[in-house]
Amino acid sequence: MPELPEVETIRRDLEKEIVGHKIVDLWYDVPKMLQPNPATVEKIIGKHFVSAGRIGKLLLLGLENDGTIGIHLKLSGQLFIRKQTDKEDRFTHVAFKFEDGRELRFTEVRKFGYVKLIENSRDLKKITSEYGPEPLTKDYTIDVVRKLLSKSSRATKTLILDQKKIAGVGNIYADEALWYSKIHPETPGNAVPEKQVEELYIGIIKALEQGIEDRGTSIDDYLDIYGQPGKHAKNLNVFRQQGQPCSRCGTIIKKIRVNGRGTHYCPKCQTL
DNA sequence: AGTATCCTGGAA
DNA sequence: TTCCAGGATACT
């Protein structure tokens, strides 16, 4: 699943590949993936991309004159930069065609992902304001984590997955961050001691930074815009590592279900 | 706060 | 042939 590190990797590469390029045509085959509707999104034809941003797991591709294309990859979305003459990619549902013969393809097996035209800065503000602080910026402080945990008795894992509270953490990096901070994923937020709150704050940063350094985790569908896998899958400590020994203590990693999500942890390191 | 829903390839 | 994965949102 593309989470902050994967989307950030894509963002950085897109910045190099599409900024300054003109969209000369738009192709799609699943209308509901173009929001609010295909006719609105088609207004981008003739415009240039001027920036490549991101909030949480949402890509924000800036257009000249105030528009922004938001792209959410959800579970299985991929973006590829290709020549229009290149062999088709399976499950392509949207393609932005550029003036130079290249195109940006959006593939999505499940059709959950979407391309959204955000027409003005007011609408953009509305969308970005729904997200909590970005973990790798100064807006993310220990106080953010402390407040988030102290106000609820829900499972700590569930709390850190809330995009409104912290932007960009998904299932993979939540499990990894909890392992780093030695917190059992089901620990009620308000039962986490101050010392562990501090470690979770740092653990989230560490998990995400390592993911970015490795250009993402290609354990399911994720590939970068050139079609290359990220290298983080082999550096995972707990995610999908059930049955394997913990790299810290040798105890066998367990898999449970927390709030409907597959959850992996070390039963010895991560105690309640 | 917990659960159903979207969706489909691939695993069991 | 049935079941599962899972981000975000709509329900109950």
Side-chain angles (χ1 to χ4, degrees), chain A residues 1-11 28-37 54-60 70-79 88-94 106-116 118 126-132 134-135 148-178 185-191 204 207-208 211 216-223 229-230 232-233 236 238-243 253-265:
Chain A
M1 316 113 250
E3 305 178 21
L4 188 153
E6 290 75 28
V7 179
E8 176 60 16
T9 301
I10 290 169
R11 187 202 69 73
Y28 63 91
D29 68 348
V30 177
K32 71 151 196 160
M33 291 178 70
L34 299 194
Q35 298 180 6
N37 53 62
R54 175 188 62 75
I55 181 145
K57 304 167 195 169
L58 182 65
L59 274 169
L60 296 170
I71 301 181
H72 202 303
L73 303 172
K74 290 290 181 92
L75 306 177
S76 53
Q78 299 170 317
L79 288 168
E88 66 183 70
D89 288 286
R90 228 180 141 194
F91 312 120
T92 299
H93 296 302
V94 184
F106 180 29
T107 77
E108 229 288 46
V109 170
R110 291 179 177 74
K111 302 175 186 164
F112 287 175
Y114 59 82
V115 170
K116 182 200 292 265
I118 304 157
K126 195 174 159 193
I127 289 168
T128 57
S129 66
E130 294 286 309
Y131 285 85
E134 279 283 327
L148 170 61
L149 297 195
S150 66
K151 285 203 283 197
S152 171
S153 61
R154 302 187 76 186
T156 299
K157 173 165 179 180
T158 303
L159 295 174
I160 63 174
L161 285 174
D162 186 345
Q163 304 300 301
K164 295 182 180 67
K165 300 301 187 331
I166 299 176
V169 177
N171 213 31
I172 298 173
Y173 297 96
D175 282 3
E176 293 295 308
L178 289 163
E186 289 177 303
T187 309
N190 57 14
I204 288 173
L208 294 173
T217 303
S218 294
I219 200 164
D220 287 322
D221 305 295
Y222 170 73
L223 296 172
H232 197 57
L236 293 172
V238 282
F239 188 79
R240 301 268 177 91
Q241 304 302 303
Q242 66 271 26
I253 302 298
K254 265 182 83 172
K255 178 175 180 182
I256 56 172
R257 194 156 282 274
V258 177
N259 205 20
R261 295 282 172 268
T263 298
H264 317 72
Y265 73 105

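Each chain gets a letter, A, B and so on, in the order the sequences are listed, and its residues count up from 1.
Going from atom CD1 of A:Ile71 over to atom C1' of C:dG7 covers 16 Å, rounded to whole Å. Straight-line distance from the CD1 atom of A:Ile256 to the P atom of C:dA5: 13 Å, rounded to whole Å. In this structure, A:Phe112 places its CZ atom 13 Å from P of C:dG6, rounding to the nearest Å. Nucleotide C:dG7 holds its P atom 6 Å from the CD atom of A:Glu3, rounded to whole Å. In this structure, A:Ile166 places its CD1 atom 15 Å from P of C:dG7, rounding to the nearest Å. Summarising the geometry, the separation between CG on A:Asp162 and C1' on C:dA8 is reported as 10 Å, rounded to the nearest angstrom. For the pair A:Asn259 CG and C:dG6 P, the interatomic distance rounds to 13 Å; values are reported in whole Å. Between A:Lys157 atom NZ and C:dG6 atom C1' there is a gap of 10 Å when expressed in whole angstrom units.
Chain A approaches DNA chain B within less than 4.0 angstrom (heavy atoms of the protein), and the contacting nucleotides run 5' to 3' from B:dA1 to B:dG9.
Within 4.0 Å (heavy atoms only), A:Asp220 reaches no atom of the nucleic acid at all. As judged by a 4.0 angstrom heavy-atom cut-off over every strand, A:Lys116 is placed among residues making no nucleic acid contact. Residue A:Tyr173 is classed as having no contact, given no heavy-atom separation below 4.0 Å to the nucleic acid. A:Gly260 comes within 4.0 angstrom of no nucleic acid atom, judged by non-hydrogen atoms across all strands. Residue A:Glu108 is out of contact with every strand shown, counting any heavy-atom pair closer than 4.0 Å.
For the pair A:Tyr265/A:Ile256, a side-chain contact is recorded, criterion being any heavy-atom separation below 4.5 Å from C-beta on. For the pair A:Ile160/A:Leu178, a side-chain contact is recorded, criterion being any heavy-atom separation below 4.5 Å from C-beta on. The side-chain heavy atoms of A:Ile172 and A:Met1, taken from C-beta on, include a pair separated by under 4.5 Å. The shortest side-chain heavy-atom distance between A:Phe112 and A:His72 does not fall under the 4.5 Å cut-off.
In this model, the phosphate group of C:dA8 is approached by a side-chain N or O of A:Gln163 to a distance below 4.0 Å at OP1 or OP2. Applying the 4.0 Å criterion to OP1 and OP2 of C:dA8, one finds that A:His72 has a side-chain N or O inside that range. OP1 and OP2 of C:dA5 both lie 4.0 Å or more from every side-chain N or O belonging to A:Arg240.
Under the side-chain hydrogen bond (donor to acceptor under 3.5 Å, both in side chains) rule, A:Asn171 has a single partner from A:Glu3, A:Arg240, A:Lys157, A:His264, which is A:Lys157. Here the options are A:Val7, A:Thr217, A:Ile10, the test is side-chain contact (heavy atoms from CB on, under 4.5 Å), and the partner is A:Tyr222; only A:Ile10 passes.
No donor-acceptor distance shorter than 3.5 angstrom exists from the side chain of A:Glu130 to the backbone of A:Lys164, with no hydrogens or angles considered. Looking at A:Gln241, its side chain does come within 3.5 Å of a backbone N or O of A:Phe239 through a donor-acceptor pair. For A:Thr156 (side chain) and A:Thr187 (main-chain N/O), a donor-acceptor pair under 3.5 Å exists by modelled atom type. In this structure, A:Gln163 contributes its side chain and A:Gly168 its backbone to a donor-acceptor pair below 3.5 Å.
Nearer the 5' end of DNA chain B, as judged by each residue's closest nucleotide, is the contact made by A:Ser153, out of A:Arg90 and A:Ser153.
Salt bridge annotation for A:Glu108-A:Lys111: absent, with no cationic side-chain nitrogen under 4.0 angstrom from a carboxylate oxygen.
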So which protein N/O to nucleotides 9-11 of chain C N/O distances come out below 3.5 Å?
none

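Rounded to 10 degrees, the angle between the two end axes of the helix from B:dA1-C:dT12 to B:dA12-C:dT1 is 60°, with five pairs used at each end.
Under the 30°/60° scheme for interplanar angles, the aromatic rings of A:Tyr173 and A:His232 are found to lie parallel.
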